[in-house]
Amino acid sequence: MLQLNDISVTFHEGTPDEKEALKHINLVLEKGDFVTVIGSNGAGKSTLMNAVAGHIIPDVGDVVINERQVAHLPEYKRSKWIGRVFQDPMAGTAPSMTIEENLAMAYARNKTRKLKPGVSKKRKAIFRDYLQTLHLGLEDRLNAKVGLLSGGERQALSLLMATFTEPDILMLDEHTAALDPSRARLITEITEDIVKKFDLTTLMVTHNMQQALDLGNRLIMMDKGQIILDLPQQEKEKLTIEQLLEEFQRIRGEQFENDRAILG
Ligand code: ADP
């Protein structure tokens, strides 16, 4: 479903500010995989997401989405295959429009159904059904302006809208990081439900290690532009946060020793 073949990204190449943000990344997500990505600041997580979405075109390597080579395509051309939810609850929705207008906009973007925008009676019923699955009571507020919703409600709506295009890949960019703990937990639960309901292939970046352990069927840890740990479901479900941190320190320690060995 998603394949990254030997992706590398260098910023400011050939200048004193040169930074190799991704180094030969290889990653395959099969249909229905839900991969969580963690790593410290500057590890390359955002660059990885941007390379998948087309916000950044890699210097070398292929990006393949559902058997299409997309590495050369800009972001707007990839958006029909990708649903993305960002950290900022304001990013995914139009605040001056109502809930149903926002949903109608996302609904019309569906790549297989080729729909006209607008809200019909039939669509209202469809939207109500979808909103009911969030258990937030939004189905009774179809005419409310989205700008009046709480951050958690907006993020739930953004998630739903991102799924309306029936994306090949759902990308979640620290989508609970700006929420208070109880809302973050709620959105985490909603995420789990939505991914299951729509059987979505999902790539999620998070700073929350517990969330990375709880959600998804595979956990990836990045450091210095590389994938340094790749744990399948059976291994990650046995781990505690403490063990995960120990593993991170052990690998970094080894890397540090390797660096020292190379440097003599
Ligand atoms: P993360 O999301 O894990 O915090 P990033 O992908 O944002 O890491 O950054 C990886 C590295 O690339 C960092 O050293 C960062 O400073 C650098 N970097 C990211 N974006 C840019 C950019 N637009 N220009 C220059 N350097 C960048």
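Order of listing sets the numbers, starting from 1, for every ligand and every atom in it. The chain is numbered in sequence order, starting from 1.
- Of all atoms in ligand 1, listed by their number and element, those nearer than 4.0 Å to a heavy atom of Lys19 are 12 (O), 14 (O), 17 (C).
- A salt bridge does not link Arg78 with Glu75: every distance from a Lys NZ or Arg NE/NH1/NH2 to an Asp or Glu carboxylate oxygen is 4.0 Å or more.
- Of all protein heavy atoms, the one closest to atom 2 (O) of ligand 1 is Ser46 OG, 2.6 Å.
- Taking atom 9 (O) of ligand 1 as the reference point, the nearest protein heavy-atom neighbour is Thr47 OG1, 3.9 Å.
- At least one N or O atom of Gly44 sits closer than 3.5 Å to an N or O atom of ligand 1.
- Leu229 and Ile241 fall within the same hydrophobic cluster, where Ile, Leu, Val, Met, Phe, Trp and Tyr residues are linked whenever their side-chain heavy atoms come under 4.5 Å apart, directly or through other members.
- For Glu18, the CD atom sits in a packed shell: over 12 heavy atoms of surrounding residues, nucleotides or ligands are nearer than 6.0 Å.
- For ligand 1, the atoms sitting less than 4.0 Å from at least one non-hydrogen atom of His12 are 24 (N), 25 (C), numbered in the order shown with element in parentheses.
- Considering backbone and side-chain atoms together, Asn41 places no N or O closer than 3.5 Å to any N or O of ligand 1.
- Distance from atom 27 (C) of ligand 1 to its nearest protein heavy atom, with residue and atom name: Phe11 CD1, 3.3 Å.
- The residue among Ser40, Gly42, Gly39 with a heavy atom at the shortest distance from atom 10 (C) of ligand 1 is Gly42.
- Within 6.0 Å of the NZ atom in Lys31, the count of heavy atoms belonging to other residues, nucleotides or ligands exceeds 12.
- A salt bridge between Glu153 and Arg141 is present, with a side-chain N of the basic residue lying under 4.0 Å from a carboxylate O of the acidic one.
- The N/O atoms of Ala21, backbone and side chain alike, include none that comes under 3.5 Å of an N/O atom in ligand 1.
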- For the pair Arg68 and Asp168, evaluate salt bridge (Lys or Arg N to Asp or Glu O under 4.0 Å) and give the outcome as yes or no after the intermediate values. CA-CA 11 Å; Arg68 297 174 213 94; Asp168 292 312; 3.5 Å; yes
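- Contact atoms of ligand 1 toward Ala43: 1 (P), 3 (O), 8 (O) (distance under 4.0 Å to a heavy atom of the residue).
- Of all the heavy atoms of Lys45, the ones lying under 4.0 Å from any atom of ligand 1 are found in both the backbone and the side chain.
- Note on ligand 1: Gly225 sits outside its first shell, no heavy atom being nearer than 4.0 Å.
- Below 30°, between 30° and 60°, or above 60°: for Tyr107 and Phe127 the angle between ring planes is above 60°, a perpendicular geometry.
- At a threshold of 4.0 Å, the pair Lys45-Asp173 does not count as salt-bridged, since none of the basic side-chain nitrogens sits closer than that to a carboxylate oxygen.
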- Item | Verdict with reasoning, Val205 to Leu48, per side chain to side chain contact (heavy atoms under 4.5 Å, CB included) | CA-CA 10 Å; Val205 167; Leu48 178 77; 5.9 Å; no
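- Within 4.0 Å of atom 15 (C) of ligand 1, not a single protein heavy atom is present.
- Looking at Met222 against ligand 1, nothing comes within 4.0 Å, counting heavy atoms.
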